[in-house]
Enquirer: 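Sending over a structure as structure tokens; questions will come in a sec.
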There are 2 protein chains.
Amino acid sequence: MLKKQLIMQKAVELFAEQGFEATSVQQITDRCGISKGAFYLSFKSKDELILALIDQFMTEIITDIDSIVKSNKSKDELLFDFFYINLSLFEKYSDYAKTFMQEQLHLIKEEFIEKMHYYNLLNEKTILELVERVYGDHVQDIKYDLVYCIKGFIRIYTELFFVSHTPPDFEKLSHSLVEKTNLLAKHTKLPFITAEYAPLLQSPKNNEISKEKIVEVINQNLEEVEQGIERESLILLRDQLNMPTLPRAIIKGLIRNIRQHPITKWTSYLLENYYD
Amino acid sequence: MLKKQLIMQKAVELFAEQGFEATSVQQITDRCGISKGAFYLSFKSKDELILALIDQFMTEIITDIDSIVKSNKSKDELLFDFFYINLSLFEKYSDYAKTFMQEQLHLIKEEFIEKMHYYNLLNEKTILELVERVYGDHVQDIKYDLVYCIKGFIRIYTELFFVSHTPPDFEKLSHSLVEKTNLLAKHTKLPFITAEYAPLLQSPKNNEISKEKIVEVINQNLEEVEQGIERESLILLRDQLNMPTLPRAIIKGLIRNIRQHPITKWTSYLLENYYD
DNA sequence: TATAATAATGACCAATCAGTCATTTGTCAA
DNA sequence: TTGACAAATGACTGATTGGTCATTATTATA
């Protein structure tokens with residue numbers, strides 16, 4: 001399990017430098033100081049490594065952002081924190097971001113694209129929730145537009161940091177983006193994304209978080225998490241999925257218990273959105 | 001020369017589908033219905049093909065957009081037309097856009113990245129000129145921010161079209177983006193990109209358009225353009241670069257003469273910016 | 001220390017690639 | 001019809017790839 005993490009870490013470094021088509025398994029194992037054969041003890045194939053990296057990166061980002069949006073911060077703080085965390089995460093995981101954060105990047109294999117698509121929709125849902133929380137019903141007609149403007153802001157300023165190599169002032173940028181978003185929210189009269197585009201955002205075909213899927217993820221978690229509050233909470237939560245008996249407050253509390261742990265926080269995100 | 005165009009056309013199709021790392025020369029020649037050897041009669045290497053494609057796409061886009069910005073349209077029309085043309089061009093050259101329009105895409109070779117960087121800076125300069133023309137001195141402090149917001153808008157809505165496969169309504173979107181840009185231009189008080197970022201935009205190291213470079217491009221044009229107004233204009237303009245004698249009005253007129261021709265319009269762009 | 005079980009190795013394989021070049025095909029004028 | 005030249009071909013090469021597997025090294029157990 002430790003070896004696996006080492007490979008993923010070195011691999012994403014190389015991918016950010018060269019792209020994964022251009023990075024060979026040999027290069028990865030060389031940088032890890034292990035043999036080529038050892039790679040295939042951790043991953044069945046190079047593709048599986050890439051899928052694992054996408055999962056690791058996207059679940060990390062999405063849970064942290066969703067956590068901010070769902071926190072009980074004031075409306076004023078909320079938008080600022082959202083931008084600030086978002087930008088900070090992209091900096092922290094800049095190797096991942098460089099490798100995967102291009103929407104229609106050449107992920108060649110359909111499998112990769114689908115996965116990114118799925119995570120992207122989850123992310124859009126979170127941003128939509130943010131907009132609704134911050135601006136309430138006043139922005140009903142323009143909320144989808146706001147989601148895309150926010151995405152556009154983040155995209156282009158992140159790119160600026162990647163290209164310019166200047167030390168980023170996330171504080172200043174976040175304040176600036178809050179102002180811009182507020183301006184658009186208050187004055188926009190001509191939204192572009194109206195009803196006909198909305199379905200894209202509202203959980204299409206495979207965007208749904210199913211009970212079975214969550215149970216699967218929990219069982220996976222249980223293999224990796226030792227004794228402790230998290231483990232107990234996981235087991236109780238799994239039982240609740242199959243046979244609900246406990247009151248909502250308790251369930252909420254159990255979800256809270258697994259919010260912080262790096263292995264289980266994705267599960268808490270899934271559950272939180274399952275019970276909404 | 002015709003063969004070269006065929007190869008470029010089919011190649012960019014395949015690149016948009018698979019990315020160029022994953023596309024083999026054999027695949028390209030198969031789709032063209034020619035042999036592999038014939039490819040190397042038109043291009044010295046696969047890399048040379050990619051560089052040629054970047055040149056073709058970026059010069060096409062940049063000249064057309066710059067042409068709009070430099071036209072004598074009213075301020076009201078200008079911004080709308082800018083968005084409309086920009087979006088239309090991305091649709092027209094969607095295969096190119098899919099392949100190249102990802103800023104930090106894995107163009108692996110330093111050479112590719114540099115080229116894209118260069119063109120990107122030219123594009124930013126054009127957008128800056130647009131902002132200055134439309135909003136005048138009122139936006140002195142926030143103009144660089146506006147440039148990036150405009151880029152962000154275009155980026156994210158283009159992506160939306162690429163992903164959603166819905167028929168795009170450029171008219172509606174352009175109106176919407178005009179409104180958004182106007183809002184930001186009128187009310188923004190907290191710009192992010194101030195003096196310290198500005199140098200990035202103001203013709204750095206290799207962003208300059210040199211006389212020698214233009215002469216080189218003109219000589220290349222002359223090999224491809226037959227007799228006609230364009231050819232005569234090119235020769236006169238080349239002479240003017242080496243030994244200026246004619247008044248500005250005449251030079252402007254000569255540049256106009258080569259504005260429309262597909263082969264020479266990039267030259268007209270270079271000259272226009274050389275004489276500004 | 002001896003034995004079993006697991007972890008790690010790297011030579012090897014088949015497939016694929018960009019690029020080459022001897023050969024063939026096509027196209028002229030004489 | 002012939003011959004000279006250019007255009008086009010595709011079998012071939014050497015290098016690189018993802019992935020395998022017989023062998024070796026390491027660790028744990030008795």
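The chains referred to below are lettered A, B, ... by the order of the sequence lines, with proteins before strands, and numbering in each begins at 1.
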Enquirer: Test of understanding: with side chain to side chain contact (heavy atoms under 4.5 Å, CB included), list the residues that count as partners of A:Asp30, not counting sequence neighbours.
Expert: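 Here the qualifying residues are A:Gln26.
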Enquirer: Sequence neighbours excluded, which residues qualify as side chain to side chain contact (heavy atoms under 4.5 Å, CB included) partners of B:Lys46?
Expert: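 B:Lys46 satisfies side chain to side chain contact (heavy atoms under 4.5 Å, CB included) with B:Val25 once adjacent residues are dropped.
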Enquirer: So does B:Gln220 have more than 12 non-hydrogen atoms from other groups sitting under 6.0 Å from CD?
Expert: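 Counting other residues, nucleotides and ligands, CD of B:Gln220 stays at 12 neighbours or fewer.
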Enquirer: In this structure, how many angstroms lie between the P atom of C:dC17 and the CZ atom of B:Phe20, rounded?
Expert: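 From B:Phe20 CZ to C:dC17 P: 16 Å.
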Enquirer: Sequence neighbours excluded, which residues qualify as ring-ring contact (aromatic ring centres under 6.0 Å, His included) partners of A:Tyr269?
Expert: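 Testing A:Tyr269 for ring-ring contact (aromatic ring centres under 6.0 Å, His included), a comparison that skips the adjacent residues, returns A:Trp266.
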Enquirer: Return the set of residues passing side chain to side chain contact (heavy atoms under 4.5 Å, CB included) with B:Leu241 (not counting sequence neighbours), or none when no residue passes.
Expert: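 Side chain to side chain contact (heavy atoms under 4.5 Å, CB included) check on B:Leu241 returns B:Lys211, B:Ile214, B:Val215, B:Ile218, B:Leu271, B:Tyr274, B:Tyr275.
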Enquirer: With a 3.5 Å cut-off and sequence neighbours excluded, list the donor-acceptor pairs that the side chains of residues 6-15 of chain B form with protein atoms.
Expert:
from	atom 1	to	atom 2	distance (Å)
B:Glu13	OE1	B:Arg31	NH1	3.0

Enquirer: At the 4.0 Å heavy-atom cut-off to chain B, mark where contacts on DNA chain D begin and end, going 5' to 3'.
Expert: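 In short, chain B contacts DNA chain D from D:dA8 to D:dG10.
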Enquirer: Quick one: list whatever passes side chain to side chain contact (heavy atoms under 4.5 Å, CB included) with A:Glu272, sequence neighbours left out.
Expert: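 Per chain and number, A:Glu272 pairs via side chain to side chain contact (heavy atoms under 4.5 Å, CB included) with A:Lys70, A:Lys252, A:Ile255, A:Arg259.
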Enquirer: Taking salt bridge (charged side-chain N to carboxylate O under 4.0 Å, His left out) as the test, write out the residues that go with B:Glu91, two or more places apart.
Expert: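 Once residues adjacent in sequence are excluded, B:Glu91 has no partner under the salt bridge (charged side-chain N to carboxylate O under 4.0 Å, His left out) criterion.
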Enquirer: Apply side-chain hydrogen bond (donor to acceptor under 3.5 Å, both in side chains) to B:Tyr40 and list each qualifying residue two or more places apart in sequence or on a separate chain.
Expert: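 B:Tyr40: no side-chain hydrogen bond (donor to acceptor under 3.5 Å, both in side chains) contacts found.
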Enquirer: Pick out the pairs of N or O atoms, protein on one side and nucleotides 7-14 of chain C on the other, that lie under 3.5 Å.
Expert:
from	atom 1	to	atom 2	distance (Å)
C:dA8	OP1	A:Lys3	NZ	3.0
C:dA8	OP2	A:Lys3	NZ	3.4
C:dT9	OP2	A:Ser35	N	2.8
C:dT9	OP2	A:Ser35	OG	2.8
C:dT9	O5'	A:Ser35	OG	3.2

Enquirer: How would you list, by chain and number, every residue that makes a ring-ring contact (aromatic ring centres under 6.0 Å, His included) with A:Phe90, sequence neighbours excluded?
Expert: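 ring-ring contact (aromatic ring centres under 6.0 Å, His included) list for A:Phe90, sorted by chain: empty.
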Enquirer: Residues from residues 23-32 of chain A sitting under 4.0 Å of DNA chain C, heavy atoms only?
Expert: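 By residue number: none to list.
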